[in-house]
Amino acid sequence: VKAIIFDMDGTLLDSKLAFVKQLEDFFEINRIKGFGKDYALKLVGKSYHDIFQEIFDDIKLEQEKQMIDWMNYSYRFFYINKYADLFPGALDCLNRLMERGLKIAVATNAPRMILDYFMKKYGLKDMGILAISGDDVERKKPYPDMLIKLMKQLECNEDEIIYVGDMDIDVRAARSASIPSIAVLTGLSDISSIERERPDVIAPSVDWVCKTLRV
């Protein structure tokens with residue numbers, strides 16, 4: 001193994017509460033009745049587009065775009081800062097992997113502005129870690145586009161790289177890119193969904209990646 005690519009939300013960043021709180025506030029501000037915390041929990045892991053398609057019977061394209069922009073900006077400038085933080089041991093794991101000479105990258109479906117904030121806040125950019133967002137590719141996960149793009153940037157072959165994520169779509173993306181996957185159980189997919197995708201390794205959390213790789 002020469003390089004490891006990590007997902008962001010649910011893998012390195014414990015952001016579930018931030019996402020749920022944002023949806024709760026969205027329902028309340030827009031007076032959307034019948035939707036609360038329990039329903040917000042069911043929406044965790046879905047894109048804003050899919051969420052709006054689910055909760056609104058008829059939504060125009062321009063209206064949806066405005067709402068998605070509002071959600072992205074409010075998440076970036078408030079919710080991620082107040083309600084999200086790195087999982088315990090995540091930063092230490094990244095440092096140990098890099099000390100062993102492994103190349104590290106981050107691949108997330110999140111918009112570029114959210115990824116840039118994450119990379120800067122926790123010093124990952126200064127560590128020389130590469131990062132790619134959903135804005136940087138034509139197709140997001142579960143398609144393999146961002147993993148294939150990062151493999152080229154990392155100058156690694158399929159058998160020299162591992163992808164670590166928390167969702168079933170992460171495992172599918174890795175399989176489509178022909179690279180091994182490690183699924184962590186700290187995120188947005190339940191264990192049954194992950195098991196159905198048959199990742200190469202299932203680990204309790206990101207700090208166990210170091211233990212799995214004996215670093």
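Note on D136 versus K149: no salt bridge recorded, every NZ/NE/NH1/NH2 to OD/OE distance being 4.0 Å or above. One finds no salt bridge joining K21 and D25 here, because no Lys/Arg side-chain nitrogen approaches an Asp/Glu carboxylate oxygen to under 4.0 Å. Classification of D7 and K141 as a salt-bridged pair holds, one side-chain N sitting under 4.0 Å from a carboxylate O.
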Q) Can you check side chain to side chain contact (heavy atoms under 4.5 Å, CB included) on I55 and F52, steps first, answer last? A) CA-CA 5 Å; I55 65 178; F52 294 148; 4.2 Å; yes
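Under the 4.5 angstrom side-chain criterion for Ile, Leu, Val, Met, Phe, Trp and Tyr, the cluster partners of I148 are I5, L130, I132, V137, M146, L147, L150, M151, L154, I161, Y163, I179.
Checked against the 6.0 Å centroid criterion, the rings of Y75 and F26 do not qualify as a close aromatic pair.
Taking the side-chain hydrogen bond (donor to acceptor under 3.5 Å, both in side chains) definition, one finds that S74 meets it with Q22, sequence neighbours left out.
Inspection of the T186 and D166 side chains reveals no N or O donor paired with an N or O acceptor under 3.5 Å.
Contact check for M167 versus T11: no side-chain heavy atoms found under the 4.5 Å cut-off. Counting heavy atoms from C-beta outward, L17 and Y79 have side chains that stay 4.5 Å or more apart. Contact of the E24 side chain with the F19 side chain is not registered, since no non-hydrogen atoms from C-beta on lie closer than 4.5 Å.
Between the N109 side chain and the G134 main chain, no donor and acceptor come within less than 3.5 Å of each other. Between the side chain of D92 and the backbone N or O of G89, no donor-acceptor pair lies under 3.5 Å. For D9 (side chain) and S15 (main-chain N/O), no donor-acceptor pair under 3.5 Å exists by modelled atom type.
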